[in-house]
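Below is one structure, written out as structure tokens; the observations come after it.
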Amino acid sequence: MSAFQADSQQLILALSKGRIFEDTLPLLEAAGITVTENPETSRKLILPTNDPNVRVLIVRATDVPTYVQHGAADFGVAGKDVLLEHGGEGLYQPIDLHIAECRMSVAVRNGFDYETAVRQGARLRVATKFVETARAHFAKKGVHVDLIKLYGSMELAPLVGLSDAIVDVVSTGNTLRANDLKEVEAIMDISSRLIVNQAALKMKRERLQPILEAFERASKK
Ligand code: ATP
Ligand code: PRP
Ligand code: MG
């Protein structure tokens with residue numbers, strides 16, 4: 001544990017800006033915790049709350065599991081997509097919060113005959129941020145793929161000939177439609193999970209338990 005966390009009364013929560021922060025706020029409120037600064041306007045990366053013993057770290061979505069795994073944060077909220085890429089080592093994942101719901105899908109350009117390419121055993125170039133999930137999906141189907149790792153704007157890859165297909169999260173489908181792409185396979189449903197550092201769960205159980213229970217009750221509503 002870092003000196004930052006030496007006080008066992010202190011709880012550190014890791015969140016990413018945007019939809020996860022916004023959708024976690026009502027759950028925190030249900031646990032009696034109000035974040036007193038807005039990460040969209042503040043430049044601070046450690047945000048105070050109404051409870052002097054609870055602080056919120058603002059990190060990239062993909063970094064949330066890393067902060068919690070190493071105990072730099074006691075708990076956090078991360079998408080199943082991010083957790084599958086991270087591997088979940090050192091993390092306890094007690095609650096599906098049913099927030100930031102979407103699905104992981106395969107998409108191609110309108111006009112690309114994905115089914116025929118797969119049936120004929122073509123080798124597909126697949127661009128994605130989610131290489132572990134994509135690798136597992138195509139291995140299970142017995143499709144040979146060359147994976148191209150990207151960090152965002154996956155929708156662009158088939159349009160400029162970087163790849164035949166992408167694996168990305170889809171919600172309304174608006175981004176695919178706007179870029180002349182179509183969804184050809186849904187891989188899995190995605191939502192965000194509460195994650196807890198395994199050591200913190202033991203050492204700080206008394207402080208964490210009521211918050212976990214409030215999150216669980218509020219996320220079922
Ligand atoms: P970064 O901007 O740092 O690259 P990111 O794009 O993954 O990160 P967010 O867009 O806030 O960050 O996504 C956080 C989580 O929300 C994702 O891990 C995923 O589980 C979920 N998510 C992503 N896009 C959508 C969407 N369009 N609708 C609903 N949930 C989504
Ligand atoms: C996410 C994701 C897709 C889009 C899908 O992007 O990367 O591009 O949502 O949602 P849709 O099906 O409703 O269009 P996000 O809004 O997080 O923007 P980003 O590129 O900044 O991550
Ligand atoms: Mg995003």
Side-chain angles (χ1 to χ4, degrees), residues 13-28 35 38-47 56-69 72-73 75-89 91 93-110 126-137 147-160 162-196 215 219:
L13 171 64
L15 295 176
S16 53
K17 269 202 260 192
R19 53 173 63 86
I20 286 187
F21 182 84
E22 279 147 32
D23 292 357
T24 303
L25 281 188
L27 304 176
L28 283 169
V35 186
N38 178 355
E40 299 299 339
T41 50
S42 171
R43 294 297 300 162
K44 276 191 193 163
L45 297 174
I46 304 175
L47 303 181
V56 177
L57 304 188
I58 298 298
V59 303
R60 291 294 287 263
T62 45
D63 292 334
V64 170
T66 308
Y67 277 82
V68 177
Q69 173 190 0
F75 62 138
V77 176
K80 184 179 175 184
D81 49 336
V82 165
L83 288 167
L84 287 173
E85 293 300 310
H86 171 271
E89 197 193 329
L91 302 176
Q93 302 182 29
I95 312 170
D96 181 350
L97 299 172
H98 298 289
I99 60 171
E101 288 182 311
C102 52
R103 59 190 179 276
M104 183 72 68
S105 294
V106 182
V108 299
R109 257 188 114 147
N110 281 319
V126 179
T128 187
K129 183 157 101 174
F130 309 101
V131 287
E132 297 308 328
T133 303
R135 199 191 314 283
H137 173 70
L147 294 172
I148 300 164
K149 168 84 184 184
L150 292 178
Y151 293 86
S153 302
M154 267 79 81
E155 293 86 357
L156 195 56
L159 305 182
V160 295
L162 179 63
S163 73
D164 304 306
I166 60 170
V167 168
D168 195 8
V169 292
V170 179
S171 173
T172 60
N174 286 341
T175 310
L176 294 182
R177 272 189 293 279
N179 291 292
D180 195 28
L181 301 176
K182 61 180 175 184
E183 191 176 357
V184 286
E185 231 161 41
I187 300 177
M188 68 178 82
D189 288 331
I190 300 287
S191 57
S192 283
R193 316 290 155 115
L194 186 73
I195 58 174
V196 185
F215 270 45
S219 66

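Just the heavy atoms: all of them, side chains too, but no hydrogens, waters or symmetry mates, feed the values below. Just so we're clear, the structure is a prediction, and the values are computed from it rather than from any experiment. As the structure lists them, so they are numbered: ligands from 1, and atoms in each ligand from 1.
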Counting only heavy atoms, which portion of Glu101 has something under 4.0 Å from ligand 1: side chain, backbone, both, or neither?
-> backbone
From atom 12 (O) of ligand 2, is the closest protein heavy-atom distance below 4.0 Å?
-> yes
Output the list of atoms in ligand 2 that are nearer than 4.0 Å to some heavy atom of Val170, sorted by atom number.
-> 12 (O)
For atom 18 (O) of ligand 2, is some protein heavy-atom partner under 4.0 Å away?
-> no
Look at atom 8 (O) of ligand 2 and say whether a protein heavy atom is found at less than 4.0 angstrom from it.
-> yes
Asp168 and ligand 2 - part of the residue with a heavy-atom distance under 4.0 Å | side chain
Take Ile166 and Thr128 through the test side-chain contact (heavy atoms from CB on, under 4.5 Å) and record every step on the way to the result.
-> CA-CA 6 Å; Ile166 60 170; Thr128 187; 6.0 Å; no
Single hit among Thr175, Asp180, Asn174 for side chain to side chain contact (heavy atoms under 4.5 Å, CB included) with Arg177 | Asn174
Atom 20 (O) of ligand 1: which protein heavy atom is closest, and how many Å away?
-> Asp81 OD1, 2.8 Å
Within 6.0 angstrom of Phe75 CZ, more than 12 heavy atoms from elsewhere = yes
Minimal non-hydrogen separation, Ile148 against Leu162, with atom names = CD1-O, 3.2 Å
Under 4.0 Å from a heavy atom of Ser171: give me the atoms of ligand 1 that qualify, with their elements.
-> 26 (C), 27 (N), 28 (N)
Which atoms of ligand 2 are found less than 4.0 Å from any heavy atom of Thr172?
-> 11 (P), 12 (O), 13 (O), 14 (O)
By number and element, which atoms of ligand 2 are closer than 4.0 Å to a non-hydrogen atom of Val169?
-> 2 (C), 3 (C), 5 (C)
So is Ala100 in contact with ligand 1, going by heavy-atom distances below 4.0 Å?
-> yes
Ligand 1 contact on Thr172 by region, counting heavy-atom pairs under 4.0 Å | neither
Part of Glu155 with heavy atoms under 4.0 Å of ligand 2, whether side chain, backbone, both or neither = side chain
Would you say Ser192 has any N or O atom under 3.5 Å from an N or O of ligand 1, going by distance alone?
-> no
Does some non-hydrogen atom of Lys129 fall short of 4.0 Å from ligand 1?
-> yes
Nearest protein heavy atom with distance in Å, relative to atom 14 (O) of ligand 2 | Thr175 OG1, 2.5 Å
Any idea which protein heavy atom is nearest atom 2 (O) of ligand 1, and the distance to it?
-> Arg60 NH2, 4.2 Å
heavy-atom search around atom 15 (P) of ligand 2 in the protein gives Arg19 NH1, 3.9 Å
Atom 24 (N) of ligand 1 sits nearest the protein heavy atom Arg19 NH1, 3.2 Å
Residue, atom name and distance, where the atom is the protein heavy atom closest to atom 8 (O) of ligand 1 | Ala61 CB, 3.8 Å
Distance (rounded to the nearest 0.5 Å) between Ile187 CD1 and Ser105 OG | 6.5 Å
Just go through Ala61, Ser171, Ala178 and tell me whose heavy atom is the nearest to atom 10 (O) of ligand 2.
-> Ser171
side-chain contact (heavy atoms from CB on, under 4.5 Å) assessment of Val35 paired with Phe21 = CA-CA 10 Å; Val35 186; Phe21 182 84; 4.0 Å; yes
